[in-house]
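Notes for the one structure printed next.
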Amino acid sequence: MRPPGEGPPAKRPKAMLPARPAVQPRGPPPAEQQRRSLPIFPVRGRLLGHIRGLDSAVVIGETGSGKTTQIPQYLYEAGIGRQGTIAVTQPRRVAAIALATRVSDEKKTELGGLVGYSVRFDDLTSDETRIKFLTDGMLLREAIGDPLLRRYSVVILDEAHERTIHTDVLFGVVKAAQKKRKQLGKLPLKVIVMSATMDVDLFSEYFNGAPVLYLEGRQYPIQVFYTRQPQSDYLQAALVTVFQIHQEAPSAQDILVFLTGQEEIEGMTKTCRDIAKHLPDGCPQMMVIPLYASLPYSQQHRIFRAAPKDCRKVILSTNIAETSITIPGIKYVVDTGMVKAKKYRPETGLEVLAVQWVSKAQAWQRTGRAGREDSGICYRLYTENDFEKLNQMTIPEIQRCNLSSVMLQLLALRIPNVLTFDFMSKPSPEAIQAAIEQLVLMGAVERKDNQLVLTPLGRKMAAFPLEPKFSKTILLSPKFHCTEEILTIVSLLSVDSVLYNPPARRDEVQSVRRKFISSEGDHLTLLSIYRAFRNVNGNKGWCRENFINSRNMMLVSDVRAQLRDICVKLSMPIESSRSDTGNIRRCLAHSLFMNAAELQPDGSYRTVDSHQAVAIHPSSVLFHCKPACVVYNGLLHTNKCYMRDLCVVDADWLYDAAPDYFRRKLQAAKN
DNA sequence: GAGCACTGC
């Protein structure tokens with residue numbers, strides 16, 4: 001069943017007819033039998049018949065239809081696209097790896113043979129590989145080396161409804177490659193966009209009116225309830241709802257509650273546990289489990305453990321449980337309707353992280369988490385009227401981000417005019433312009449004969465899988481003889497924080513971390529942590545004692561090795577500044593000069609660039625300090641406008657870094 | 001004086 005309100009898209013064509021049951025003299029082997037039991041199997045023939053003759057197709061499939069595992073195999077088995085490889089993109093690494101493993105099993109081949117995968121740091125493909133699962137970001141990276149995607153005969157863009165920034169850029173890249181290959185008379189490129197039941201018209205229109213094929217799925221019915229009145233306090237409402245369910249429903253039925261963030265979830269966890277201690281006799285026990293991305297793996301895994309008898313699992317989660325983590329056995333979903341999400345204001349260059357309403361699509365996604373194994377129930381803690389007022393879809397990431405990376409990539413892809421690039425959902429002209437300005441300021445892009453071209457520096461920057469400002473920092477580092485240190489710092493900054501901060505043990509964390517702190521700022525503090533980590537060879541016990549996230553630390557080593565390889569390929573000299581931190585700070589001043597702030601007489605800070613009032617983020621080691629001049633990695637607007645990851649610099653260095661820029665700033669200030 | 005949704009190259 002479809003939840004009420006989602007409804008089938010208006011232009012839904014005739015449902016596909018089931019094919020005749022296949023007659024087999026002997027029963028097929030179990031794996032084959034399993035494949036044949038999928039909802040997609042009966043329509044295999046018709047599906048292939050359609051796709052064979054098309055350049056592009058949109059496939060809409062509900063959860064459990066089997067589209068992602070079966071369609072690539074059907075195409076391969078039918079000899080469609082045999083002249084090349086079939087690429088299937090996924091937004092997430094784990095999904096790409098899991099799907100490749102599954103399909104490889106079904107084909108009874110060794111993973112990395114006929115079926116393989118390619119994700120960052122992990123490539124399991126060979127010359128034999130004909131079905132390749134990869135992250136969308138990985139295919140984009142490949143496209144920079146080969147914009148026509150020549151090795152692929154079919155590109156399947158899966159989970160397109162999630163509209164990640166990479167998928168959105170890929171839409172344009174594959175469309176352009178398809179057109180160009182046709183013009184040049186090369187092997188045609190077939191494009192298949194796969195999505196849940198959303199955005200259909202948009203996808204179809206974008207790919208020149210590509211036909212839309214629908215697949216039924218296997219989802220259990222879910223009852224949806226709304227509140228009668230709007231709730232002024234969604235946390236209170238969630239609490240009441242959870243305990244109401246708890247007192248009425250059998251204890252084997254678990255509850256998943258969607259909340260907005262770590263702090264809220266930790267607070268709610270504590271409240272629930274306190275209340276659960278004083279429940280009336282005869283009421284089942286309650287196991288309350290928080291879930292959010294920065295939680296260590298070991299704690300995230302607790303959600304998969306079955307609760308003891310007469311005990312109910314209640315999982316309090318961020319939107320990580322919407323897509324990234326599937327929790328088995330959820331009967332009830334409690335949806336607060338709220339999410340913490342990033343917005344981007346191009347006029348100020350500010351990213352704003354704010355609690356806001358979910359979209360309808362997101363609300364349905366949350367609801368669907370209750371019907372994975374059996375029928376379910378979803379409580380929406382808002383009125384039906386409020387639901388109707390929600391946006392149809394979540395705004396695609398590409399319209400909520402700083403676009404400097406995207407623009408650099410498009411230029412590296414030799415897109416003729418990046419300002420008019422054929423985006424499915426166009427970012428605002430201001431956002432595109434702001435990104436270009438940033439790239440010009442960094443020296444990555446030049447205007448030549450009214451055209452934007454990549455400078456040699458810009459082309460080198462595009463070789464790094466990093467934000468442009470970080471690539472720039474690395475490329476500047478040989479001048480300051482500190483490439484080894486900058487590689488470490490940039491690697492640390494480009495993964496999730498290596499610092500583990502359990503709120504309950506705050507004092508302990510602070511005292512243990514003191515020994516790493518550099519008065520010169522966060523970059524150098526992180527560097528000293530990494531050096532200490534290397535000195536103990538990544539010892540896990542050491543990480544635990546020092547509240548260091550060892551998983552992220554290992555990742556830093558991987559990133560660093562990858563970046564170092566790229567430096568070697570670019571023939572960069574790689575030197576160490578050893579104990580001289582001055583050069584490291586000079587290098588940071590030269591690459592982050594547009595992100596500088598100065599101490600004001602009243603003790604506050606203002607940016608050098610636009611005189612915006614800013615504050616030092618509480619996570620910074622400089623939070624209690626008042627350095628005269630700093631550069632920072634970025635601004636984050638929550639209650640205040642905060643600078644994150646700071647480095648103490650000399651004001652003179654900034655002027656040396658970009659004299660023209662600061663002269664213009666001074667001029668503008670006078671006028 | 002006080003805070004950081006989620007991915008990915």
Side-chain angles (χ1 to χ4, degrees), chain A residues 89-96 118-123 134-145 159 162-170 258-266 291-295 317-325 336 338-343 351-356 358 362 365 394 396-398 400-401 405-406 408-409 412 461-468 470-471 491 494-497 499-501 503 506 510 555 558-559 562-563 566 603-605 615-620 622-626 633-645:
Chain A
T89 69
Q90 292 294 316
R92 283 169 290 280
R93 296 165 51 93
V94 276
S118 175
V119 298
R120 190 181 186 186
F121 308 127
D122 199 0
D123 183 319
L134 69 181
T135 45
D136 46 16
M138 203 68 195
L139 186 60
L140 201 52
R141 197 104 313 258
E142 287 187 8
I144 292 177
E159 309 284 7
E162 289 194 25
R163 304 295 303 274
T164 70
I165 197 159
H166 292 148
T167 309
D168 264 36
V169 176
L170 275 177
F258 283 101
L259 297 165
T260 67
Q262 172 176 345
E263 201 180 330
E264 188 175 280
I265 287 169
E266 290 293 350
L291 178 64
Y292 45 87
S294 62
L295 216 53
S317 174
T318 60
N319 42 352
I320 194 171
E322 267 172 31
T323 49
S324 305
I325 297 182
T336 57
M338 293 294 162
V339 66
K340 200 179 280 184
K342 197 152 70 181
K343 296 179 189 169
E351 289 179 340
V352 183
L353 194 62
V355 172
Q356 47 197 300
V358 296
Q362 225 174 340
Q365 180 69 30
T394 309
E397 201 183 356
I398 200 148
R400 291 186 285 127
C401 281
S405 290
V406 169
L408 186 67
Q409 277 169 2
M461 282 167 65
F464 289 93
L466 293 169
E467 281 178 52
F470 290 147
S471 330
S491 304
S494 67
V495 305
D496 284 341
S497 177
L499 309 177
Y500 175 51
N501 297 314
R506 200 144 140 181
Q510 280 195 342
L555 195 59
D558 290 344
V559 173
Q562 187 189 27
L563 300 180
I566 296 169
S604 70
Y605 282 89
I616 298 178
H617 196 280
S619 67
S620 172
L622 297 178
F623 184 54
H624 294 281
C625 312
K626 296 259 180 233
N633 281 347
L635 293 175
L636 183 87
H637 202 115
T638 49
N639 291 331
K640 269 190 199 169
C641 194
Y642 288 106
M643 302 178 276
R644 285 202 297 187
D645 302 312

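Note on naming: letters A, B, ... go to the chains in the order of the sequence lines (proteins, then strands), and numbering restarts at 1 for each one.
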Counting the atoms with a prime plus P, OP1 and OP2 as sugar-phosphate, which does [X] contact under 4.0 Å by heavy atoms, base, sugar-phosphate, or nothing?
X: A:Q262; result: sugar-phosphate
X: A:R92; result: sugar-phosphate
X: A:T164; result: nothing
X: A:F464; result: nothing
X: A:R506; result: base

By salt bridge (Lys or Arg N to Asp or Glu O under 4.0 Å), which residues pair with [X], not counting sequence neighbours?
X: A:E142; value: A:K132
X: A:K343; value: none
X: A:E322; value: A:R366

Next on the checklist: For A:Q409 and A:L353, find the nucleotide of DNA chain B closest to each by heavy atoms; which residue's nucleotide sits nearer the 5' end?
Outcome noted: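 First, find each residue's nearest nucleotide; the 5'-ward one identifies A:L353.
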Checklist entry - Where each residue is assigned the nucleotide of DNA chain B containing its nearest heavy atom, which of A:N501 and A:L291 is assigned the position nearer the 5′ end? => result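 First, find each residue's nearest nucleotide; the 5'-ward one identifies A:N501.
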Next on the checklist: Could you measure the distance from the CG atom of A:D123 to the CE atom of A:M138? Nearest 0.5 Å is fine.
Outcome noted: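 Going from CG on A:D123 over to CE on A:M138, the span is 6.5 Å.
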Item to check | Any residue meeting side-chain contact (heavy atoms from CB on, under 4.5 Å) with A:R141, in chain and number order, not counting sequence neighbours | outcome: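 A:I144, A:Q409, A:P465.
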Item to check | Contact interval (first through last nucleotide) of DNA chain B with protein chain A, 4.0 Å heavy-atom | outcome: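 That gives a stretch of B:dG1 to B:dC9.
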Checklist entry - Can you name the residues that form a ring pair (Phe, Tyr, Trp, His ring centres under 6.0 Å) with A:H617, not counting sequence neighbours? => result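 With sequence neighbours excluded, A:H617 shows a ring pair (Phe, Tyr, Trp, His ring centres under 6.0 Å) to A:Y642, given in chain and number order.
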